[in-house]
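Heads up: the structure comes next, in C-alpha cells.
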Amino acid sequence: MKEPLIDRIESKKVEKSRKLFLALGIVAIALLLIKLLTMTDIQKTSIGYWTDLILISGVPIYYLFISKTKLKDRTGQFIEWQSDKVLYKLKENIEPVEIELKLIKSIDIKLDLIEIKVDEKSYNLDISDFDKYEVRKRIKENFLKIKNCA
C-alpha cells in the first residue's frame, strides 16, 4: 500500500518562461512573414533588407531553441515529503531523486540551497526557482522538521 502524502510543492516558474519564449518566437516569425510580404523588389536588393532579414529570422530561431531545448529538462520541478522519504526533481535533475529519511545524517539549510548528507553522499537542492516567500518558508520548515527528528 502506498504511503500517505505529507506535503508536495511544485514550481511553475520554468513552465511560464518556456511559454513566454515560445510566444515570442511565434510573434517574431509573424513579423518576419509580414516584412517579407510587404517588401518591394527595390527594397529586397538593399543591404539593409538582408541585415534585417538575418536579424529578424535569428530571433525566432533563438527563442524557439531556448523554449524547446534549454528549458525542457527544467520543467516539472517539485519537492515531495512522504512518511519515509523525500522525492525531488529540481533544475539540475532530469529524473526525480529519492532520499530515504532514515539514511539522512545532517541537513544544512541556507538561503537558496538545502544540503542533505546521507552516509557518504551529499545532495544539494537548489530552491531558487521557488520564488514565493511562503513557499520557500514551507520548504525550509519541512526540512527543519526532518532535521529535528533525525
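For the single chain, residues carry numbers from 1 onward in sequence order. Being a predicted model, the structure only gives us computed values, none of them experimental. Computation of the quantities below employed the complete heavy-atom set of this structure, encompassing side-chain atoms and omitting hydrogens, waters and symmetry-equivalent molecules.
Using modelled atom types, no side-chain atom of Asn142 and backbone atom of Ile139 make a donor-acceptor pair closer than 3.5 Å. Between the side chain of Ser11 and the backbone N or O of Asp129 there is at least one donor-acceptor pair closer than 3.5 Å. Of the possible polar contacts, one joining the Lys140 side chain to the Leu111 backbone as a donor-acceptor pair under 3.5 Å is found.
Here Glu100 does not pair with Lys85 in a salt bridge; the nearest charged N to carboxylate O distance is not below 4.0 Å.
Rounding to the nearest 0.5 Å gives a distance of 8.5 Å between OG of Ser122 and CD1 of Ile116. Expressed to the nearest 0.5 Å, how far NZ of Lys105 lies from NZ of Lys121 amounts to 15.0 Å. Between the CD atom in Glu141 and the CG atom in Leu144 there is a gap of 8.0 Å [rounded to 0.5 Å]. Taken from CG in Leu90 to CD1 in Ile79, the straight-line distance is 5.0 Å, to the nearest 0.5 Å. With rounding to the nearest 0.5 Å, the separation of CG in Asn93 from OH in Tyr88 is 5.0 Å.
With sequence neighbours excluded, the residues that form a salt bridge (Lys or Arg N to Asp or Glu O under 4.0 Å) with Lys91 are Asp126. Shown here are the salt bridge (Lys or Arg N to Asp or Glu O under 4.0 Å) partners of Glu134, two or more places apart in sequence or in another chain: there are none.
Within the 4.5 Å cutoff, side-chain heavy atoms of Ile107 are placed close to those of Ile114. With contacts defined as side-chain heavy-atom distances shorter than 4.5 Å, the pair Ile104/Ser106 does not qualify. The shortest side-chain heavy-atom distance between Gln82 and Ile6 does not fall under the 4.5 Å cut-off.
For the pair Gly76 and Lys89, the tightest heavy-atom approach, listed with the atom from each and the gap, is O-CD, 3.7 Å. Nearest heavy atoms, Arg138 versus Ile9: NH2-CG1, 3.0 Å. Of all heavy-atom pairs between Ile127 and Arg136, the closest is O-NH2, 3.3 Å. Summarising the geometry of Glu92 relative to Asn124, their closest heavy-atom pair is OE2-O, 3.1 Å, with the distance given to 0.1 Å.
Under the 4.5 Å side-chain contact rule for hydrophobic residues, Leu113 and Val86 do not share a cluster. Connection of Leu125 to Leu87 is not established within any shared hydrophobic cluster, with ILVMFWY side chains joined at heavy-atom distances below 4.5 Å, either directly or through further cluster members. With hydrophobic clusters built from ILVMFWY side chains whose heavy atoms lie under 4.5 angstrom apart, Ile146 shares a cluster with Leu103.
Screening residues 103-143 for ring pair (Phe, Tyr, Trp, His ring centres under 6.0 Å) gives Trp81-Phe143 as the qualifying pairs, with residues at least two apart or on separate chains.
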For this session: Could you go through the side-chain contact (heavy atoms from CB on, under 4.5 Å) check for Glu10 and Gln77 one step at a time?
Result: CA-CA 6 Å; Glu10 297 180 1; Gln77 296 184 55; over 6 Å; no

